[in-house]
Amino acid sequence: MLIAALGLPLLGGVLVSMQSQSPNTRDICSLVTAVLLFLLVLGFYPSVLAGNNPTLVLAEPIAGLGLKLTVEPLGLLFATVASGLWILTTIYGVGYMRGNSESNQTRFFFCFAISIAAAIGIAFAGNLLTLFVFYEMLTLATYPLVTHKGNADARRGGRTYLGILLVTSIGFFLFATLWTYAITGTLDFREGGILSGHVGPGTAMILLTMFAFGTGKAALMPFHRWLPAAMVAPTPVSALLHAVAVVKAGVFTILKISVYIFGVDFIAETGAGTIVMWAAAFTLTAASFVALTKDNLKARLAYSTVGQLSYVIVGAMLANAAGIIGATMQIAMHAMGKITLFFCAGAIYVATHKTEISQLDGLGHKMPFTFAAFFIGSLSIIGLPPMGGAWSKWFLLMGSADAGQWVLIGLLLLSSLLNIAYLLPIVGRGFFRPLPADDAAHASANTIQEAPLNCVVPLCVTATGCVALFAFGGAIYDYLLLLFPKT
Amino acid sequence: MMYAVTTVAILICIGMAMARAFLGPSIYDRILAINSAGTCIVLFLSVLGFLMGRPDFLDIALTYALINFTGTIAILKFFKYGSLGVSDPAAPPKTKVE
Amino acid sequence: MINMVLLMLLLASVYAIIRLDRLLTAVLLTSLFSVLVASIFMVLDAVDVAFTEAAVGAGVSTIFFLAALAIVGRQCKPTPRRKIIAPLIVVSATGCVLLYASLDMPRFGEPLAPVHQHVAPRYLNDSAAEVGPPNIVTSVLASYRGYDTFGEVGVVFTAFIGVLMLLGAGTRRTSIEPPTPTGAPKESMRKKVVLKEVADLVIAPVLIFALYVQWHGDFGPGGGFQAGVIFASGIFLYALIYGIEPAQRLLPPRRLAYFPAIGLLLYAAVGIISMLRGGNFLNYSVLVNDPLHGQHYGILAIELGVGITVAAVMINIFFSFSERSL
Amino acid sequence: MIEQLPAIVLLLPLLAAPICSMIHNGDYAWYLAAASCWLAAAAAVGLMAQVWGGHTISYHMGGWPPPWGIELVIDELSALVVILVTVFAALVISALRESLRPKMRKHRHSLYYAAYLLCVASLIGITVTGDAFNVFVFLEISSLSTYALIARGRDRRALIASFRYLVMGTIGATFILISIGFMYMVTGTLNMADLAERLPALSDNRVVQASFAFFTVGVALKVAIFPLHLWLPNAYAYAPKATTAFLAATATKVSLYVLIRFLFDVYGLEFSFQQMRIDLLLIPLSIAGILIASLTAIFQTDAKKLLAWSSVGQLGYMVLGVALLNTAGLTAAIAHMFNHAMIKAGLFLALAAMIYRVSSSRLDDLAGIGRQMPLTMAAFTVLGLGLIGVPLTAGFVSKWYLISGALDKGWVPLAAMLIGSSLMALIYIGKIIDVAYFKPCKPEHAEVREISPTILIPCWVFALMSIYFGIDTRLTAGVAGRVAESLLGISS
Amino acid sequence: MFTALFNYWVVIVLMMAGLYIVMASGHLVKKIIGLNIFQTSVFILFISMGKVAGGTAPILKDGISVFSNPLPHVLILTAIVVGVATTALGLAIAVRIYEEYGTVEEDDIAEMDNHDQDLDIAEYQRIESGK
């Protein structure tokens, strides 16, 4: 079953790559694979809820240290998010790519499938080595996606993307992994962590810091540059990067390391997370300020992502139940919210070829669904009820309060205010400003309408999802309590 | 005893020839000196066999005599023509007497 | 005593080689150096080695050097002062390590030294019964350590392949001007009558002598390698006096180029036959029913192989070099 | 038959060489050479099967028992190295024919194959022998054939490179000869096992110490340990295209094998590392080598030189692994010997294919080649990832062990340095890949086509092997681990 | 002790002299001469250790019972062959170098190579900046 979860997207990828002659078959192939994968992932829930952790060792390249897959609650949640959103991204991607008649569509969907396989691998990784392997696989598989356009800009962006991700992961992450291995003799993810009792607070702090910064995908400042740089990619890719696979893989990695390598109690005892926590706190504030200054829609969303990711890191570093739960929820909630926003940005681009916020005046009336969805997504990101984002923000605040970090609470609230400041005006422009005069004069305004159905449906679905997640908040909370068997 | 004296004498000869080879001054002096040093060594090698009581090693002296001959011709030819492979166009090959 | 005098002469000649900038003299002195070394080997009871060193160091190497100088010229720049220091430091350091080691070396000539206690006694005492030839060096070379000698033939063969790859055989280049010869231009051959007479007298005996050395190796100093070199120098002599073209008519390079391989294959064939007869590679004892006879035939055959390869390689290399300076 | 295997594996290429030299038709010579290499590879696998699990075979040359005769000794380590030499030689020679075709006259091809086979045979000979002097003899065959092969390179600088290598190589070999002489002087034997028995009692003897010093320097020259690596970059860069692939894969690896053999088995662990403290010398040198060579590689403008410098750095990893003197380090050294041989051979072969098409190895001439020769460049990329040490490639496994070895000793900065050098590898490999995929193609190379399958298939075999051995490491790290334990005297 | 080790000491000096020529001389042929001397000196070292005082050449003959050690002789026979093979190949390369460069002085060759190299790099930079 685990093999199938990993192999399905790979198989799908291969099938897709063989269908380059007939786009329809190819796209159906992608879609079917996505749906099957989602169902497969859902199939794990009964056994995990029953307290089992299915495990599988794929190979053993290093004696006593294999490529191991294990299903546990945290990973399963991430897998659910990734595979679920893959379906929507695929539908959307088909619409977008065809709408823009992009070239190399087969390569695009092939890499897409590989990326999802890597994301699933990260989700189910049974030890740090496996996680690292899939982490790098994800980096390499997304690289062709980022440089999809193949022009000079795309190449420059791709180089930054690859450079930062590889350098941080090899330079810090791998190093910390090896160090951990040398200290403990194992890299398995275990409840309560493996480092506890092996290292002192100083080393623990160094290690955790290295892990956090080494996970370049989590975009902690100063290693966030790749995210805006990767904005050159087509929008479905941005959606994938920002909402589904890449960045979520990053923060998920940090979360998983905190929980299963260090152990929540261990971090709390030693205070190992201090540096990372404040770096994250700085990032989430600073990124929001930077976002305010950006006029390019995607760039603004990118910086918003940088900030939102740090919420997760902060939650992980708080090292208490509320913090961890908040962080995990943030992964799901932000994924849903941000993918909505990117879908909207893409839809706007497909429909009008506009990329700057200042050009969006009055479009809300022409594209009501898109802008409504954008509004809902924004609310979710900001963390206002009745959207899913409210839950995660709430738990994070609770966690901060539990940890007694009052300054942090202040920063979180400040950041939320900034979120409002940079997200809502976009909606405001769309609905409350008139169309620019020259556009109207050209009568081109009349030709502006909603994007293709393939684009609009997914964004409506995700917007609905944002609302739905608010309703399911309690269920997710109960599920996540599995992480804390004692309490 | 007699062999020993002979050996010493030959060694002195070698030494003297070598001194001329080092001092030069002209290249002819050196070639001649080295050639005669070689000849002395042939003698030395033959006497040595008797001195050591195993005279059956005369072969070596014989060999070196041959080699020394070849070597000297090679040097002279090199010296004269700057090449070892030249055949004298005026001399028909395999003719013994003119 | 003799040994020490010879060593002092060696030191003198090396000093001269370092000091002299003229390459021709350096080559001549190197040849002298080799003969002196051969004499030392003789004094130190290594007759086979002395034989080889005299033939190779003084003969073949010198001729190769001269052949190369004929192409590259004899001028040599003196070493600039600044370039002396680094080598001096390296050399002194290495020398110090060696001197340091020398203090613990077994004394010269000491019969109780470890080298004479282990391994070697078996060769001295049992080789006559186990292998046969009175020349123990031949027994060790051809039988006990026959595999090394096989490797040695391999080295010679490799050098042959290398030189052939680089210089080719039977391909003449005329684009390069040979260095202008000193001395008078070509004189009439009248003055070479003596030379030719002597050469004609000598060449045939040289070749026969080579055969003698080849087959006599079991009993006295000599063997395939020395024989090959002597045979080759007989041919050198011919080529030197009559020129390379007649020599190549005598031994066409294309055909000559087969012989190194033939010698090596002959050597290997002996080994393979012994493998086919159930022994290990180069185990001559299984060649025929009587082990001692087997050893005898085996040694004769491989010595022949060595002789063929060495002679053919040396002649080939000589041709390759001298063609280039025509 | 099966007990004759140690001799057969050696004789196949060694006898094919003279026969090759007699065949004037280069194509037939190639068939013979390739066939003998593949058969030798099969024999090598047979040897490995015999020694698998830690057995040892002893083969008495000429039927004389050691120490009087010469013994061939095959254990897991030597079997691994023989596999390395034969399999990679066979793969490269399979590609060689295509790359030679335009350059030389037909008979020259035969000679070339003969030299190649001699090199293969001698490398096998060095590996399997149990006799110290025999090592020297076969070392010389391999050196001479290597000089000849290098000298046939693309331009006149190959000659200089070859000559420099000849001088340094001969000095190295003579040093080894001196060292063997010293060992013999105090023990009276040349057999390696016999030496190992007798040397420990003499560890205070200065002659043994000096022999150790000379041996180390002599072999270090051959392994190209920094700062004795100076011959390597030019020799690799100017050697003929596919030859470089073979040399880079095998020659230095076999020398390293000799070093390991003598340090651990002949002189013994205690003498080498506790008395002479060779590790104190090797560790700083290898670190300097890794850093300087990687840095130099980054600044090369010629792809071949870049890879050659990278080889110097990678050799530093192996030496470092040996010097760390723990199971992980030694495992890394031996595994990396194999892995790097595979990766570098593949890289040079892929590069050779490109040079074959564009007649230059300068980076700017390779611009855009990724679109012209997608399959070759893809293989290059996969192998390049292996060189960097990306997970799921062979390079990752050996680097993992190496860094573990450093951390086992508690040397965190060293581990950090190793990671840093991997990043340098990332930069220099990235440089080539970047140029190949993202620079526009030169107009004069617009017509460049994909290389023929004779080269492409070996390239991809290397690439796939690099991935396979990144996942299934029984042959590499598995054997290396067992060997490391036995060398260190740890019973598992 | 002086007489007992004299042989070895002279050999050491000779070896180092040979090594010095290899390293200090710029002329390729002279380098090979140096290599030759270096190797030959090593041969004397080997032969010296095989000598037994009062012994004779290891060729069996009635009435003689003390022989010098034959094993070093065998080794050096092989080594001499290796030496001449190396010399021949080295000279062949030197000859080819002369044909390509017109000189066999290391300094001159290095200069010409640097020139080539500079051309390569200049070309590279020109193309880099051109884009």
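Chain letters run A, B, ... following the sequence lines, proteins first, then strands; residues in each count from 1.
Residue D:I427: no heavy atom, backbone or side chain, is found under 4.5 Å from chain A. Heavy atoms of D:F469 lying under 4.5 Å from chain A are absent altogether. Looking at A:L162, neither its backbone nor its side chain comes within 4.5 Å of chain D, counting heavy atoms on both sides. Contacts between D:I471 and chain A at a heavy-atom distance below 4.5 Å involve backbone atoms as well as side-chain atoms.
Rounded to the nearest 0.5 angstrom, D:F396 CZ and A:L174 CG are separated by 5.5 Å. The line from CG of D:L392 to CE of A:M137 is 8.0 Å long, rounded to the nearest 0.5 Å.
The candidate with the highest count of non-hydrogen atom pairs below 4.5 Å against chain A, out of D:L385, D:V412, D:I388, is D:V412.
Scanning all heavy atoms of the two residues, the minimum distance from A:I170 to D:S422 falls at CG2-CB, 4.3 Å. Contact between D:L407 and A:A182 at its shortest, heavy atoms only, is CB-CB, 3.3 Å.
Qualifying side-chain contact (heavy atoms from CB on, under 4.5 Å) partners for D:A416, counting only residues two or more places apart in sequence or in other chains: A:F175. With sequence neighbours excluded, no residue forms a side-chain hydrogen bond (donor to acceptor under 3.5 Å, both in side chains) with A:H224.
The local environment of CZ in A:F213 is crowded, with over 12 non-hydrogen atoms from other residues, nucleotides or ligands closer than 6.0 Å.
With contacts defined as side-chain heavy-atom distances shorter than 4.5 Å, the pair D:V390/A:L140 qualifies.
For the side chain to side chain contact (heavy atoms under 4.5 Å, CB included) test with A:L178, the passing option among D:L402, D:I403, D:L418 is D:I403; the others fail.
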